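To start, the structure under review is shown below, and the notes come after it.
Note that this is a predicted model, so its numbers are computed, not measured. The chains referred to below are lettered A, B, ... by the order of the sequence lines, with proteins before strands, and numbering in each begins at 1. As a basis for the values below, the full set of heavy atoms in this structure was taken, side chains included, without hydrogen atoms, waters or symmetry mates.
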Amino acid sequence: MSDPTASPPTLTPSRYTYRQLQLLRHGSTATPLRIIAHIDLDAFYAQCEMVRLGTPRDAPLAVRQWESLIAINYPARPFGITRMLTAAEARKLCPTIVLQHVATFREGEGGRWAYRDDSFKNIKTDKVSLDPYRAESRKILETIKDDLATWSEDGQTKRLSANVEKASIDEVFIDLSPLVFSVLLQRYPELRATSQDENRDAELPRPPTTAVEWNEDCLIDLDANETEEDDPDWDDIAMRIGSEIVRSVRKAVWEKLNYTCSAGVARNKMLAKLGSACNKPDKQTVVRNRAVQLFLAGYKFTQIRMLGGKLGDQIRNFFGTEQVSELLNVPLDQLRAKLDDHTATWLYNTIRGEDRSEVNPRTQMKSMLSAKSFRPSINSIDQAEKWLRIFAADIYGRLVEDGVLENRRRPRVITLHHRVTAQSRSRQMPIPASNTIDEGLLFDLAKILMRQVVAEAQAWPCSNLSLSVGSFEDGVSKNKAIESFLVRGDQAKSLSQAGRPRVTDGLSDRPPEKRRKVDENNGIDRFFTKPPRPSDDGATSSKGTPELEQLDPTSTAEAPSLFSSEEGIEDISTAQYTCSRCSQVILEHERDEHEDWHFAKDLDNQDREEARTTQSQSRIAPAPNARGRGGRSSRGKPEKGQRRLAFQ
DNA sequence: CACTACGCC
DNA sequence: GGGGCGTAGTG
């Protein structure tokens, strides 16, 4: 398309190829044209209260939890109010500030949370509820998805859509690559595939523009060797489109729900995340590829995701600096000398702006926790059980919103954490699959776990207690009453084992005392969660072959093993699933083929990549531990560029 | 399975 | 800095 012979004087070709453009389509992590957004609600809990109470946007407000503040809105910040202040101190600094206490559960009030005037005085009987914020978070997420969907209608061929990863209650990552791809093709027909597809390594034609209009976007300054006068290349155009989509999303969130948020747009998650924090509140920041080096060089690496904790401390101690700019001078070998290979390469790439971690299409919680710290500690099982009852009600309420009643999603494991001063311990057990989950069941299971803990070690004074559920499985038997076909042996077993300290009636008591060996629980767990399992003595998976059969590249994170036994409940021939890599809806029976395709593509990308960077080292070492042993465990999960180097 | 680390409001 | 979340990795 671009005819090199007729090139105008100063026209260099694009730095990008058809291949790199094409990789955008399915959100490959390998292309430099990739566009990732990070969106972060401004002082989220505080905004929730502003919206709920209908306070003016410019009125100072903070969210209070007992005597401390957990969120401070932007209008309050010029008064010097920070999260480390007490409510009284805050009021001194800003007499007009609204200090709204979080909603609470209260002992003996039926497991319903409420906003109460006197909750801050009742730390002894109340338990914080973050439910109102979770509910708002859900609405916002839906609004984001809805707006993204309007960008998916590209009129032609496939409907491409964006992966959305809920990173926390108030943050999402979005992989905009497929949307940007289709907008690019609409606006620049010269990019469309032609007969010269064959030569995918050919450079793209130059964009027809000499300047990009960034409107209100905040831009990170270009690297020293770049100037704004240089003509834009396709990465700039792609960023601009990404930024346009983000602006539209933010507008929708504002117009529909009255929340402001800040966003970062860049070529990967790390940069997008750093970018979103650059201009707050209510702004979006674009980190162009040509700005990355200067941008990062100005940071302390301890501000980069994953480096804020002990790892960052270690690195600072090893190399005597926390400046990215100085760490850039440390060659890879020297990083390797101090850090394990994986971490060293990860760090080396990260401070150079390379991050191939994927945007996981996950918007649902993987666990739910309800907790309480005791400020005088508690000292009896009676006291503990009062809280367990509240925890159970709290969690049950959330499960209902999550769809337990309709059997859409169901946790398989329940865990109790217990802390006596510095020492913390936890116990977990399967949630019997035969029971319908309700408050009572959760409470009874919690009591069992509590008794185990108490029987085992010094349990008092207890300074912290929490209950959580997790290991969700979803899509379990849509409408059929699950109990109806679980009868026979299965049920018999589940009742006789997990249900042993029966749950309904006046449990015959007799805490399992001495024979609560790990083995036994293990057996129960195996029964409920993983159908068949090859003998488990590690070793067997030393190298090649076992890996092969579990390669199963993509997600499936929660799909398999639902139909725990012989009865293959549903008709699989029409079942569908959404591919976590490209968000296409695929027929179940085409799954293998589809995943193979991704797999091949990844290998291709990887090869290409390794050819370019001298140091390989990836093909030999499967992470020595984890990975290979159980029959199942961490099958596919796309996160974190590093998977499946294990073979070939 | 129990524990630890990390990150966020 | 602490309470109350949530996620992922390790042996």
Side-chain angles (χ1 to χ4, degrees), chain A residues 40-49 62-73 82-86 102-105 123 126-131 133-134 136-137 165-171 273 277 302-314 340 342-343 357 360 362 364-375 391 394-395 398 413 415-419 423-430 449 452-453 456 463-471 516-526 529 538 557 623-627 629-630 633-634 637 639-640 642:
Chain A
D40 193 340
L41 276 292
D42 300 318
F44 181 52
Y45 294 178
Q47 270 203 90
C48 288
E49 297 302 343
V63 178
R64 173 176 186 178
Q65 178 177 293
W66 316 130
E67 285 312 318
S68 46
L69 308 181
I70 57 172
I72 291 125
N73 75 354
T82 72
R83 297 206 316 188
M84 282 168 291
L85 300 181
T86 64
V102 295
T104 58
F105 297 95
I123 189 170
D126 286 16
K127 148 139 189 52
V128 165
S129 171
L130 300 182
D131 258 14
Y133 311 136
R134 294 192 189 95
E136 292 302 282
S137 178
E165 174 179 335
K166 178 168 183 162
S168 78
I169 194 166
D170 77 324
E171 281 175 76
K273 166 110 192 185
T302 46
Q303 296 177 256
I304 295 175
R305 208 162 58 117
M306 310 304 312
L307 295 175
K310 298 204 165 176
L311 177 56
D313 287 349
Q314 254 183 281
D340 71 77
H342 183 268
T343 309
S357 58
N360 271 347
R362 182 180 48 73
Q364 299 208 303
M365 289 296 152
K366 292 183 158 180
S367 66
M368 293 176 188
L369 174 142
S370 188
K372 173 89 180 166
S373 299
F374 304 116
R375 302 206 347 248
F391 295 165
D394 178 9
I395 288 174
R398 291 194 251 159
V413 177
T415 306
L416 181 95
H417 284 257
H418 172 278
R419 194 163 81 220
Q423 253 291 39
S424 95
R425 66 186 79 236
S426 69
R427 285 294 172 260
Q428 71 179 49
M429 73 186 291
L449 293 169
Q452 288 183 9
V453 168
E456 248 170 52
S463 60
N464 189 95
L465 207 53
S466 74
L467 188 67
S468 64
V469 297
S471 294
R516 70 130 274 131
K517 290 273 64 151
V518 198
D519 275 322
E520 199 171 320
N521 264 337
N522 217 1
I524 296 170
D525 176 53
R526 190 168 316 173
T529 59
N625 39 11
R627 210 63 182 120
R629 45 161 191 264
S633 77
S634 55
K637 50 110 203 293
E639 186 79 89
K640 277 257 171 62
Q642 96 292 34

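Residue contacts for A:Ser68: at a heavy-atom cut-off of 4.0 Å it reaches a base atom on one of the strands shown. Residue contacts shown for A:Asp40 are limited to sugar-phosphate atoms, with no base heavy atom under 4.0 Å away. Nucleic acid contact class of A:Asn464 (heavy atoms, under 4.0 Å, all strands): none. A:Lys166 comes within 4.0 angstrom of no nucleic acid atom, judged by non-hydrogen atoms across all strands. Using a 4.0 Å heavy-atom cutoff across all strands shown, A:Leu311 reaches sugar-phosphate atoms only and no base atom. Among the atoms of the strands shown, none is found under 4.0 Å from any heavy atom of A:Leu41. Counting any heavy atom pair closer than 4.0 Å across all strands shown, A:Arg398 reaches sugar-phosphate atoms only and no base atom. At a threshold of 4.0 angstrom between heavy atoms, the contacts of A:Thr415 with the nucleic acid are absent.
Taking side-chain N and O atoms only, A:Ser373 has a distance below 4.0 Å to OP1 or OP2 of C:dG4. For A:Lys127 and C:dC5, the shortest distance from a side-chain N or O to OP1 or OP2 is below 4.0 Å. Checking the phosphate oxygens (OP1, OP2) of C:dC5, a side-chain nitrogen or oxygen of A:Arg134 falls inside 4.0 Å. Listed pair A:Lys310 / B:dA5 meets the phosphate criterion, a side-chain N or O lying under 4.0 Å from OP1 or OP2. OP1 or OP2 of B:dC1 sits under 4.0 Å from a side-chain N or O of A:Gln428.
If you measure from atom OH of A:Tyr133 to atom C1' of B:dC9, you get 10 Å, rounded to the nearest angstrom. Here C:dA8 presents its C1' atom at 15 Å from CE of A:Met365, a figure rounded to the nearest Å. Nucleotide B:dC9 holds its C1' atom 17 Å from the CZ atom of A:Arg64, rounded to whole Å. Between A:His342 atom NE2 and C:dA8 atom P there is a gap of 15 Å when expressed in whole angstrom units. One can place CD of A:Gln364 at 15 Å from C1' of C:dG6, the figure rounded to the nearest angstrom. The distance from atom CZ of A:Arg419 to atom C1' of B:dA2 is 16 Å, rounded to the nearest whole Å. Taking atom CZ on A:Arg375 and atom C1' on C:dG3, their separation rounds to 9 Å, with Å as the unit. The CE atom of A:Met429 sits 11 Å away from the P atom of B:dA2 (whole-angstrom rounding).
No side-chain N or O of A:Tyr133 forms a donor-acceptor pair with one of A:Gln47 less than 3.5 Å apart.
Candidate nucleotides C:dA8, C:dG4, B:dC8 were compared by shortest atom distance to the side chain of A:Lys366, and C:dA8 ranks first. For A:Phe44, counting side-chain heavy atoms from C-beta on, the closest listed nucleotide (B:dA5, C:dG1, B:dC9) is B:dC9. Considering only side-chain atoms of A:Ser367, the nucleotide from C:dT7, C:dG4, C:dG2 that sits closest is C:dT7. Listed nucleotides C:dG4, C:dC5, C:dT7 differ in distance to A:Ser370; the shortest reach to its side chain belongs to C:dC5.
Using a 4.0 Å cut-off between charged side-chain N and carboxylate O, A:Asp313 and A:Lys310 make no salt bridge.
The side chain to side chain contact (heavy atoms under 4.5 Å, CB included) check on A:Ala43 picks up A:Ala46, A:Tyr74, A:Arg77, with sequence neighbours excluded. For A:Thr86, the side chain to side chain contact (heavy atoms under 4.5 Å, CB included) criterion is met by A:Ala88, A:Glu89, not counting sequence neighbours.
Contact annotation: side chain of A:Arg83 to base of C:dG1, donor-acceptor pair present below 3.5 Å.
Test A:Arg427, A:Arg425, A:His418 against A:Glu456 for side-chain hydrogen bond (donor to acceptor under 3.5 Å, both in side chains) and you get one pass: A:Arg427.
The closest donor-acceptor contact from the side chain of A:Lys166 to the backbone of A:Gln364 lies at 3.5 Å or more, if one exists at all.
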